Each structure stands twice: as structure tokens, then as C-alpha cells.
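Written below as C-alpha cells is the structure these notes are about.
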2 protein chains.
Amino acid sequence: MTLTRESAPSSRRRAVRDIVLYGLCGGVLIAVLKLTEYRFLVVEHSVEIYGALVAALFAGLGIWLGQTLTRKKPAVILKEVPTPAAGPFAADETRVSQLGITPRELEILGLIASGLSNREIADRLFVSENTVKTHSSRLFDKLGAKRRTQAVQIGKTARLIP
Amino acid sequence: MTLTRESAPSSRRRAVRDIVLYGLCGGVLIAVLKLTEYRFLVVEHSVEIYGALVAALFAGLGIWLGQTLTRKKPAVILKEVPTPAAGPFAADETRVSQLGITPRELEILGLIASGLSNREIADRLFVSENTVKTHSSRLFDKLGAKRRTQAVQIGKTARLIP
DNA sequence: TGCAAAATCACCCGAAAGTGTGACGACAAC
DNA sequence: GTTGTCGTCACACTTTCGGGTGATTTTGCA
């Protein structure tokens, strides 16, 4: 399916406005610096220091601006997610026994489905990685899967996992 | 349900690299400015011009840096709301554009979720396996996933895929 | 008590997945 | 006409997976 993503013009306009505002602020800041003759507080060859100072300051401000600019979007990110209003999931025991899947294997299938690596699963279950491998290997065999992603897919359609 | 995204080390590494590169660029720029004695090309009161130049430059760079740095930041905060399971699936375009996921990447996410290998995806889309890898790599980056199973899990909770 | 299933672990090896970098053409936007 | 994004591809490299084999311990139950 192709999903044409149109550019959000409103945010862009807002961004431009912000940048302009930002520039103005910068101008004012420079003016202030000039008026206070701040640069005469340092010694002769102060241009470099002055430049570095301004650079650092504006770099920091720029980063901050960039962040606040992009942070505006995540403000809306707090959104409700429609989830199938289902109660606590219960694995289809019929199919589990049909396929001869052991409880441990089912457990590992769930952890695989939640995106964990073998290493992470091993740590979580306090077993060695090799153990997880053997379990998953046998699991794939029983499910007829070649990859963990496929195992997850099959497990979901077979209602072995939520 | 809160989906806490753990720090993707690769992105962080890249971010650090970006910062270092950025700093180096700044240093080089200042050095060049100094070496060419650019400030003597303009009239007496050149300090302001010089400062403004540096300021503007660093501001731009800072904004860019800030944006690129935080672009992948938006943590996917999901709020669960019971809803009668919808019929035909439609990807949440809002979140897709929020995460900056391209149509092609979304397509590949779907194929990954259906349990296909990179090779199989490549064959199905008539592209090279390397291309699929590139797409999935960028996809994982945007989703904050380290593995394809995790990408699928995140994609599902974010309603990017059925 | 003894047996079978389940769970545990190790080791090797090849295959798949993922990273990092760089490159190129197309195409839209400014 | 430069700039930016997207899609494409390569290649070297590291990490993770998965298969195969064999072994030991735990546990449920006949």
C-alpha cells in the first residue's frame, strides 16, 4: 500500500516564523553586546574570543531552538490507541497440545513476539542463551517456521499469543 | 500503556559523531576565518559583522543539529482506549509522518511482520537484498528498534501495521 | 522406583540479519 | 539551479539466528 505523505505546510510556516524571530533575537543580542561594549572588556586580540563566544552561544541556542521546534510535534503524540477491547488473553490450549508445544516453549514464543533477542530472553528467564536457542529451535520446528518473525506470525494467527 | 523506548546505541553513536564533526567544522571555520584575515576585508567596525556572521552560521548549524538529533527522539507514548476492533486496516498516517517513515519503509515493515526474510522481501519487491537492508535499517532507526521482531512489535502497538 | 518428557547446557558452523559508509538518479521544492 | 528527500545499490564488517549433535539434570507419573 502506498501512503503519500504530504508535507505539513503549517508547521513549516511556523518554523520559518520561529527562525525569523530567532534571528531578530540574535540581532538584539548583538546590539546589546555592542552597546555594552562587552568586547572591550577583554584584551586586544579579542576577536577570536568574541567570535568563539558568540558561536558557542548561538550554537547552544540553535540546538535549543531545534529541539523546541521539533518538540512541538510530539506534543500531540499523546494519543489514544484503539485496541481490540479484549480481556486477559488465554492461549488456545487445544492447538497448543495439538502442536505439542511445551509451556516453556510457549513462554519463549511470547518473549520472542515482544521483540526480545535470545540473549535478553535468556537473561530474563535466568537460563543460558543456548537453552533459549534449543527451545526456540524446537518451537520453530513445531510451528513450521523458518524465522522468529514467521513464528510470531504463525503464533498470532493460531491464537497461541495475543 | 507506555512504550518506553530504550536508547538505540547506534543512533547515539551517530549523534556523538555528529556533534564531534560539528565541533570540528566550527573550529575549521573559525580557523579559516582567522587565517584569511577575513575580518580585515571589511571596514573598521568589522567585529559586529564578523560576530553576526559566525552567529548566523552557528545558529543555522545548531538548528540543523538540534533537529537531526531530536528527530528520532519522540517516544511513542500510547494511551490505551478500548475500541471495537475496526474492520479494514488503515495505517495511522499521523504517526507515520511523525516518525518520518516513508511509504517504502512502511511496506517493508509489513512484509517483515508477515515473517518474510530480507531475501524474500527483495524478491517480492524486485529490488536487491541490500536495498531491503537499507530500508529496514532506517526503519529500525526511526522506530527505535534493534531487531525486526521488535520493529514488528512497535509497529503493531503504534498501529502502523495490522 | 524407574521411565519418559521436559528442561537445561555446550559446541560448532553456516546463514541471516544488521551496521556504516558511500554513491547515484529521480524528482519536487524553494 | 541548488537543495533535500527518496529510492536504489554495493561492500565490508559484526552480531544474531538457527541447525545439528550430544549430553545432563529435573520432574511428573505410572
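Order of the sequence lines sets the chain letters (A, B, ...), proteins ahead of strands, with each chain counted from 1. Since this is a predicted model, take the numbers as computed values, not measurements.
Spacing between atom CZ of F140(B) and atom P of dT19(C) amounts to 7 Å, rounded to whole angstrom units. As rounded to whole Å, 16 Å separates atom P of dC17(D) from atom NE2 of H135(A). Between the CD atom of E129(A) and the C1' atom of dG18(D) there is a distance of 12 Å, given to the nearest Å. Here dA16(C) presents its C1' atom at 15 Å from CZ of R147(B), a figure rounded to the nearest Å. Atom CG in D123(A) sits about 14 Å away from atom C1' in dT16(D), given to the nearest Å. Atom CD1 in I101(B) sits about 14 Å away from atom C1' in dC6(D), given to the nearest Å.
Checking side-chain atoms of K142(A) against main-chain N and O of G100(A) turns up a donor-acceptor pair under 3.5 Å. Looking only at distances, no side-chain donor or acceptor of E105(A) sits under 3.5 Å from a matching main-chain atom of I101(A).
A heavy-atom distance below 4.0 Å to DNA chain C is reached by these residues of residues 110-120 of chain B, ordered by number: S117(B), N118(B).
In this structure, I161(B) and V152(B) approach most closely via the heavy-atom pair CD1-O, 3.8 Å. Taking both residues in full, the closest heavy atoms of K156(B) and P162(B) are given as NZ-O, 2.8 Å, listed atom of the first, atom of the second, then distance. Here the closest heavy-atom approach between residue L116(B) and residue R147(A) is recorded as C-NE, 3.8 Å.
The T131(A) side chain lies nearest to dT8(C) when the options are dA17(C), dT8(C), dG18(D). Checking dA7(C), dT8(D), dC9(C) against the side-chain heavy atoms of S128(A) singles out dC9(C) as nearest.
Atom CZ of R124(A) has 12 or fewer neighbouring heavy atoms from other residues, nucleotides or ligands inside a 6.0 Å radius.
Dashed line: the shortest gap from a side-chain N or O of R148(B) to OP1 or OP2 of dG18(C) is under 4.0 Å. Between R104(A) and the phosphate of dA6(C), there is no side-chain N or O to OP1/OP2 separation shorter than 4.0 Å. Between T102(B) and the phosphate of dG7(D), there is a side-chain N or O to OP1/OP2 separation shorter than 4.0 Å. When the side-chain nitrogen and oxygen atoms of S137(A) are compared with OP1 and OP2 of dC17(D), none of them lie within a distance under 4.0 Å.
Looking only at side-chain heavy atoms (C-beta outward), L143(B) and L109(B) come within less than 4.5 Å of each other.
At a threshold of 4.0 angstrom between heavy atoms, the contacts of T134(A) include nucleobase atoms, whether or not backbone atoms are also involved.
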